Amino acid sequence: MKIINEFNEMRQIVKKMKREDLSVGFVPTMGYLHDGHLSLVKAAKVDNDIIVVSIFVNPTQFGPNEDLDTYPRDLEKDQSLLENLDVDYLFFPKVEQMYPGGYGTYVNVESGLTNKLCGKSRPGHFKGVTTIVSKLFNIVNPDKAYFGQKDAQQVSVINRMVKDLNFDIEIIAVPIVRENDGLAMSSRNVNLSEKERQDALTLSKSLNKAKDLILLDNIKKTDIIKNEMMEIIESVDSSKIDYIEIVDMENLESIDIVEGKVLIALAVHIGKTRLIDNIIMEA
Ligand code: PAF
């Protein structure tokens, strides 16, 4: 695996690959890789000749009081995980490369997709995400790009951006990877104490409860479902709910009655760590 720090070098490499008619699969990440990220790489390997993974902890998607400084990093471990999967190129630019002095251009999805769910409590977050993802798309120019379904709203927002800005890139959403006990894999899980790690299981438990209520008990009223989920999460004292929402999968609008394809999504602080999780259901 070759590590590339310069965006121009990355661009030239991909140009050469394209001239040789090789397809390029791209997995953008912020590093501290876990099996969720590796599942994206594995999916990319099935579909493409050349795999590019980027690691860049993107400052513009973190709010002023968020965890940019404490976001976990371990380049050596990430490198060896990617080498084990035979990744061809790791693009690892410095912040000054991506946002040099005088930087002033941002990409913002202004449909209603960005001001709800995580966008409500993290204003500016998706603007940072769509800005960096467009920059990475312009540099790597992949045929396909892979994103985890754990960030369901991010997938919707990126799909919207790709459509609106005519990027010729296919976006592939890869299912959530969970620990054996149900906790959705996340780089931030490392920040949980042993007790918080246990408390965090209430997130997946509440989603499973929602699924059972809908599929087994035929309950369709979302306020009943959300209340039951809330009870499970609030049963642990380390939890502070940011949101629990049941929304239409297409436009992410809140719904009163579960019908068709819906996203049940939540964000919860466990201690100081903000975790998200979701399930997609067809009812
Ligand atoms: O999902 C992430 O890790 C980040 O939001 C992404 C897509 C790499 C952009 O920084």
Side-chain angles (χ1 to χ4, degrees), residues 4 7 10 25-41 43-44 51-63 66-75 77-78 81-82 87 89-99 103 105-109 113-114 117-119 121-142 144-162 165 167 169-177 184-191 265 267 273-278:
I4 313 291
F7 72 83
M10 187 72 253
F26 178 45
V27 181
T29 81
M30 298 207 299
Y32 212 77
L33 305 177
H34 50 67
D35 283 351
H37 296 112
L38 302 185
S39 74
L40 305 181
V41 175
I51 306 302
V52 179
V53 175
S54 66
I55 294 181
F56 181 67
V57 182
N58 173 36
T60 63
Q61 71 188 74
F62 288 79
E66 293 185 354
D67 56 351
L68 173 62
D69 293 338
T70 56
Y71 197 83
R73 291 159 167 92
D74 189 344
L75 180 62
K77 184 167 169 229
D78 289 349
L81 288 169
L82 296 175
V87 165
Y89 296 98
L90 168 58
F91 181 47
F92 182 65
K94 290 208 164 61
V95 175
E96 308 83 71
Q97 264 269 316
M98 300 309 275
Y99 298 109
Y103 188 86
T105 304
Y106 293 86
V107 175
N108 198 20
V109 170
L113 290 178
T114 51
L117 305 173
C118 288
S121 45
R122 302 187 72 189
H125 167 69
F126 287 111
K127 182 175 163 193
V129 169
T130 41
T131 298
I132 194 65
V133 171
S134 342
K135 284 168 71 64
L136 292 166
F137 281 179
N138 282 330
I139 295 165
V140 177
N141 188 21
K144 294 187 168 80
Y146 297 76
F147 294 86
Q149 193 59 54
K150 186 165 81 68
D151 296 287
Q153 187 175 12
Q154 173 170 278
V155 171
S156 296
V157 170
I158 287 170
N159 270 315
R160 181 77 259 163
M161 176 190 83
V162 163
L165 296 184
F167 279 107
I169 297 170
E170 189 181 339
I171 302 301
I172 314 278
V174 178
I176 296 177
V177 179
M185 291 203 181
S186 162
S187 304
R188 289 185 168 99
N189 289 349
V190 70
N191 295 329
T273 309
R274 185 177 182 277
L275 300 175
I276 57 172
D277 199 352
N278 69 74

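Remember, it's 1-based here, ligands and their atoms both numbered in the order they're listed. Predicted model, so just to flag it, every value in this text is computed and none were measured.
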Within 4.0 Å of some non-hydrogen atom of I132, the atoms of ligand 1 are 9 (C), 10 (O)
Under 4.0 Å to a heavy atom of T29 - the qualifying atoms of ligand 1, by number: 8 (C)
Can you find a pair of side-chain heavy atoms, one from S121 and one from R274, that are under 4.5 Å apart? yes
Regarding ligand 1, does Q154 bring an N or O atom to under 3.5 Å of one of the ligand's N or O atoms? yes
Using side chain to side chain contact (heavy atoms under 4.5 Å, CB included) as the criterion, point out the one residue from I51, V41, T29 that pairs with L82. V41
Where do L136 and P28 come nearest, in terms of heavy atoms and distance? CD1-CB, 4.2 Å
Considering all heavy atoms of both residues, which atom of I176 and which atom of Q149 are nearest to each other, and what is their separation? CG1-C, 3.9 Å
Counting N and O atoms only, with roles assigned by atom type, does the side chain of S187 sit under 3.5 Å from a partner on the main chain of Y32, one being a donor and the other an acceptor? yes
Which residue and heavy atom of the protein sit nearest atom 3 (O) of ligand 1, plus the separation: M30 CG, 3.6 Å
Starting from atom 9 (C) of ligand 1, find the nearest protein heavy-atom neighbour and note its residue, name and distance. Q61 OE1, 3.3 Å
